[in-house]
Amino acid sequence: MKIAQLLLTWYEDFKRDLPWRRNKDPYRIWVSEIMLQQTRVEAVKPYFDRWMERFPDLKSLAEAEEEEVVRYWQGLGYYSRARNLLQGVREVNQSYGGQVPQTKEEVIGLAGVGDYTAGAILSIAYNKKEPAIDGNVLRVFSRLFCVEEDISSPAAKKNIKQLVADEMSEEQPGDFNQALMDLGSSICIPKTPRCALCPLADCCYAKRNGKEGQLPVKKKKAPPKAVRLIAGVIRQGEFYLLHQRPNKGLLAGMWEFPTVEIKEDGDPMDIFRQGIHKKTGQVIELERLLLQCTHIFSHRQWDISFHYCIVAPDRIVPNDEGLKWVNRRDWEKLSFAGPHRKMEKYLAEKNSQEIWQAFE
DNA sequence: AAGGCGGGGTC
DNA sequence: GACCCAGCCTT
């Protein structure tokens, strides 16, 4: 029996009930695919539902402010996805009359839409016969056909894309692509595949050769870099000093408590004072240090040791571009960088009274 | 071809 | 603690 038929039969019985599978609205498919880039289904679900409540259709998103759009992405990571999605949606709204285009060249030309996402949108929303090669499909097919190349290499992706194209269902390309992803996430999983439950076990070359546990081959990632940071929770009355990160790079455009990197050895507080001094032009009285706490954040790329200093300086005049005094009540309008979001919640729980009481 | 870009779940 | 996830963009 053909792979496509076995797969689709299995999919009919075991497909997941997901919010973005309720209908074939291209806009909804598009949003879901962007959110799902490098992000697990369970993490996306609540974000997708909130998103559709606020931006139910393409036009409502196209007319929204970027600041609000990014706020709805806060905590999901890879924030350029939100900005690219907004840009792409505005493009469709203006250049395509609000209708998501139906050709590969047009869709892939939209901001934030690459080869995979274009294939997913076209196959799922319009039932076009386009492959959608993601991590799941690479893993499944590297096993099915015993592809021993490093699947992160463009050459391997090209080869597997051809194999997928050869096996694709003519009538249900969208279901075929989604079935592959469901299979990859529940059966053909990274470490020890559950071959006993797999509808394709009989036609899997890796299993036939006893190599299902060794595939796919994937090059190792570089180890994370260690970084020491120190951040200041700096208050004057009801206002806190916050910093908006630059528009490019890590956590682009997100807000944070003013942060200084500790590069050399020495007293962290001393380095903090000097660094903040450069940003503010004013000296912080360290005698007014209220609380110091340390968080460790592990990350794929960064191993961050984070010191927080809660201080109450005499007088600070911001002279750094992104520095701004923000009323505590206005925080909900800002998008905080990950670690600082947790600190913000911590402050909200402790509430100002307990923390600042010693000073008043 | 390589590296940057988040955050969280799983084993 | 290592690994990985419905990838894309820049250099």
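Just so it is clear: chains get the letters A, B, ... in the order the sequence lines come, proteins before strands, and each one is counted from 1.
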Any residue meeting ring pair (Phe, Tyr, Trp, His ring centres under 6.0 Å) with A/W10, in chain and number order, not counting sequence neighbours:
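Listed in chain order: A/F14.
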Atom pair distance, as rounded to whole Å: CD in A/Q178 and P in C/dA6:
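Value for this atom pair: 13 Å.
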Atom-to-atom span, CD of A/Q38 to P of C/dC8 - whole angstrom
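It is 9 Å, rounded to the nearest whole Å.
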Identify the pairs formed between an N or O of the protein and an N or O of nucleotides 9-11 of chain B at a distance under 3.5 Å, and give each distance.
none

Looking at DNA chain C, which of residues 132-140 of chain A put a heavy atom within less than 4.0 Å of it?
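The answer is A/D134, A/G135, A/N136, A/R139.
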Residues forming a side-chain hydrogen bond (donor to acceptor under 3.5 Å, both in side chains) with [X], sequence neighbours excluded:
X: A/S152; value: A/D150
X: A/R54; value: A/E68
X: A/E256; value: A/H243, A/R245

What pairs meet the salt bridge (Lys or Arg N to Asp or Glu O under 4.0 Å) rule with one or both residues in residues 9-20 of chain A, with sequence neighbours excluded?
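Residue pairs passing salt bridge (Lys or Arg N to Asp or Glu O under 4.0 Å), neighbours aside: A/R16-A/D182.
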How is A/W20 classified with respect to the nucleic acid when contacts are heavy atoms under 4.0 Å: base, sugar-phosphate, or nothing?
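The answer is base, as A/W20 lies within the cut-off (heavy atoms under 4.0 Å) of a base atom.
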Kindly say if A/K219 contacts the phosphate of B/dG3, meaning a side-chain N or O under 4.0 Å from OP1 or OP2.
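Looking at the OP1 and OP2 atoms of B/dG3, neither is under 4.0 Å from any side-chain N or O of A/K219.
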A/M254 or A/A155, whichever maps to the more 5' nucleotide of DNA chain B:
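It is A/A155 whose nearest nucleotide is closer to the 5' end.
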Pair up each side-chain donor or acceptor in residues 188-207 of chain A with any protein partner under 3.5 Å, not counting sequence neighbours, and list the distances.
unit_1, atom_1, unit_2, atom_2, d
A/R194, NH1, A/S186, O, 2.8

Check side-chain contact (heavy atoms from CB on, under 4.5 Å) between A/N23 and all other residues, then give those that pass, not counting sequence neighbours.
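Once residues adjacent in sequence are excluded, the partners of A/N23 under the side-chain contact (heavy atoms from CB on, under 4.5 Å) criterion are A/D25, A/R28.
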Residue list, side-chain contact (heavy atoms from CB on, under 4.5 Å) with A/D57, at least two apart or on another chain
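side-chain contact (heavy atoms from CB on, under 4.5 Å) list for A/D57, sorted by chain: A/K59, A/S60.
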Strictly under 3.5 Å: I want the nitrogen or oxygen pairs between protein and nucleotides 9-11 of chain C, one per line.
unit_1, atom_1, unit_2, atom_2, d
C/dC9, OP1, A/G112, N, 2.6

Kindly state each residue pair satisfying side-chain hydrogen bond (donor to acceptor under 3.5 Å, both in side chains) with at least one member in residues 122-137 of chain A, sequence neighbours excluded.
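Every side-chain hydrogen bond (donor to acceptor under 3.5 Å, both in side chains) pair that includes a residue of residues 122-137 of chain A, provided the two are not neighbours, is A/S123-A/N177, A/K129-A/E170, A/D134-A/N136, A/N136-A/R139.
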